[in-house]
Protein chains: 2
Amino acid sequence: MTRPLATKTVVEAVTDDLRGRILSGSLTSETAVTELEIATSYSVARPTAKAAIEKLVGENLLVRGTHKSARVAELGPESVRDIYLARAYLESEILRRLAATHTVPEEAVRANADILALAGAGDLALVEPDMRFHTALVDAVGNERIARMYRSLVSEVRLCMTRVQALHLLDSAAIHAEHELILVQLAAGDAEGAAATLDGHLAAARERLAEALGT
Amino acid sequence: MTRPLATKTVVEAVTDDLRGRILSGSLTSETAVTELEIATSYSVARPTAKAAIEKLVGENLLVRGTHKSARVAELGPESVRDIYLARAYLESEILRRLAATHTVPEEAVRANADILALAGAGDLALVEPDMRFHTALVDAVGNERIARMYRSLVSEVRLCMTRVQALHLLDSAAIHAEHELILVQLAAGDAEGAAATLDGHLAAARERLAEALGT
DNA sequence: CGTAAATTAATTGTCTGACAAGTATACTCA
DNA sequence: TGAGTATACTTGTCAGACAATTAATTTACG
C-alpha cells in the first residue's frame, strides 16, 4: 500500500496560505480580498486566485455577493453565540455517548496537561491546546461527518479568538479545572454531569467572547 | 429595502441541475463525470463546468482525486451508518433542548400529517415529508450553523434513499407513529424519552438501509 | 503464453488573454 | 445641494492552449 503523499496543487497552496492569514488575523474584514490582488501577490493567474477564494467562501471564512469583492466574514456577538451554541449541541451529545462507554480519550488528557504547561506563555498560546482538547473529544467518537462538521465550526471559533486575542478572556487555571472535571465525569460514566459541565464551560466562554465583540 | 431577487449565475444553474440529477438518481457512481462532458452537454465553457463540479465536491456529493474524473459519491453500508449516526448525534440533542422548552414545531406536525396522507402513494413520495419532519425540528432551534450542517447530511441521506427506492424500507404507519410519539414527548417535556425514541427510529432506518446497500 | 515495460490516449491543472456585466464611486449640471 | 450620468473597478464567463498525470493499450521479451 502506497502512502498518499501530500502533493499540493497551486490552488490548495494559495487556499492554505490564505486561510492561515485569515485565522492568524493578518487579514481582517476591513480590507477587501479581490481576485486580482490575490493573483498578483501570489504570482498566479486570476482563475487560480478565484478558485482559492471560492473554496474559502465554501468554508464560511470569506463572504461575498455577486460582483462584489470577498471579505473576511465579520463575526459579531450574534455569530459568536450561534457558533458556540452549535458547538454545545454537538459536544454535549458527544460527551453523553462517550460517558456511556466510560471513554476518556488520551489525546484530550495530553491536551489538558499542555494547558497547564503553557500557563504563563500568553493568551494566544492557550488557544491551540484548548482546541486540541475539544477536537480530541470529537474525534474519539470515530464519526467522519461529525468530525467534518466540527472542523468547520473550529475555523470560525479561531476566527473569533484572533479578534480578541489582546483581551484576557481565557484563564488557564479555570479552563484546566473544567476540562479535568469533564474527564473525571467521563471516566465515571456521568453523562448528565459531563454535559452540564460542558454547557457551563462553553456558555462562559461564549458570553465573554460575545461581550468583547459587542459594539 | 430591496428584496434580493434570485438571479442565478451560469455556474449556479449548472450546479443546481447537476445536484438534482444526482439526488434523483439519474446520475450514479457508475458513470464518470468529466468536465468536458458537462461542458458540452450544457453548452458552457470547461471552467464553468469545473466550478460546478468543485462546488458539488465541496458538498460531498461528488468525489474526485487529482487528475481523475469526478464520480457520484458511492455510499456503502459504512457510509450509511456514519451518516445516520451523525444525524442521531445532532437530532437527539436537538430534541432534548426542544423538550426543555416544550416546543412542538408546527411544521413538523404538518409534515407528519402529510406522511399519513401519502400512505399509498409509493415509497419515494414518503421521503419528502419524512425529511421535512426532521428538518422542521432542526430549524426550530433557530441556529444557522446547525441548520447548515444538517442540510449537508440530508443531501447524503437522500442520495442513499434513491439507491434503494425500489425496496420497501419505509412503513408509513410505523414512521408516522414514531414521529407522533416524539411530538407528544416534546410537548410533555420528556427529553430523555424523545431522545430515546429518536435513537430507535433512526437506528431502525439505518440498519435497514445499510443492509439493503450491503454487498 | 504471460508478464513487464513503453507508448498513447484521456483527463485534469494551470495559464494567458479577452470581453461582458454589474457595482460603486466620482463628477457634472441644474 | 441634489440628482443623474459617466467612469473606474471587480467579477462572470468564455476561448484556446500547454503541461502534468493517470490509465489503458500495445509491444517486446522471457
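The model shown is predicted, which means the values in this text are computed figures rather than measured ones.
- In this structure, A:Val33 reaches the sugar-phosphate backbone alone: every heavy-atom distance under 4.0 Å involves primed, P, OP1 or OP2 atoms, never a base.
- Across A:Cys160 and A:Ile83, no two heavy atoms sit closer than the pair SG-CD1, 4.3 Å.
- OP1 and OP2 of C:dG13 both lie 4.0 Å or more from every side-chain N or O belonging to A:Thr48.
- The outermost nucleotides of DNA chain D lying under 4.0 Å from heavy atoms of chain A, listed 5' to 3', are D:dT10 to D:dT13.
- Between A:Ser43 and A:His67, the residue anchored closer to the 5' end of DNA chain C is A:Ser43, taking for each the nucleotide with the nearest heavy atom.
- Here the P atom of nucleotide C:dG22 and the CZ atom of A:Arg64 are 16 Å apart, to the nearest Å.
- For C:dT11, neither phosphate oxygen OP1 nor OP2 lies less than 4.0 angstrom from any side-chain nitrogen or oxygen of B:Lys68.
- A close approach under 4.0 Å does not occur between any side-chain nitrogen or oxygen of A:Arg46 and OP1 or OP2 of C:dC19.
- Checking A:Leu186, A:Val104, A:Ile182 one by one against A:Leu98, the side-chain contact (heavy atoms from CB on, under 4.5 Å) holds for a single residue, A:Leu186.
- The CD atom of A:Glu35 sits 14 Å away from the C1' atom of C:dA21 (whole-angstrom rounding).
- Checking A:Tyr150 against A:Asp139 by side-chain atom types alone, no donor-acceptor pair falls below 3.5 Å.
- A donor-acceptor contact under 3.5 angstrom links the side chains of A:Ser92 and B:Arg97, judged on distance only.
- Shown here for A:Glu37 and A:Val33, the closest heavy-atom pair between the two residues is OE1-CA, 4.2 Å.
- Between the NZ atom of A:Lys50 and the P atom of C:dT14 there is a distance of 16 Å, rounded to whole Å.
- By the side chain to side chain donor-acceptor pair (under 3.5 Å) test, A:Glu207 is found to be paired with A:Arg81, residues two or more places apart in sequence or in another chain being considered.
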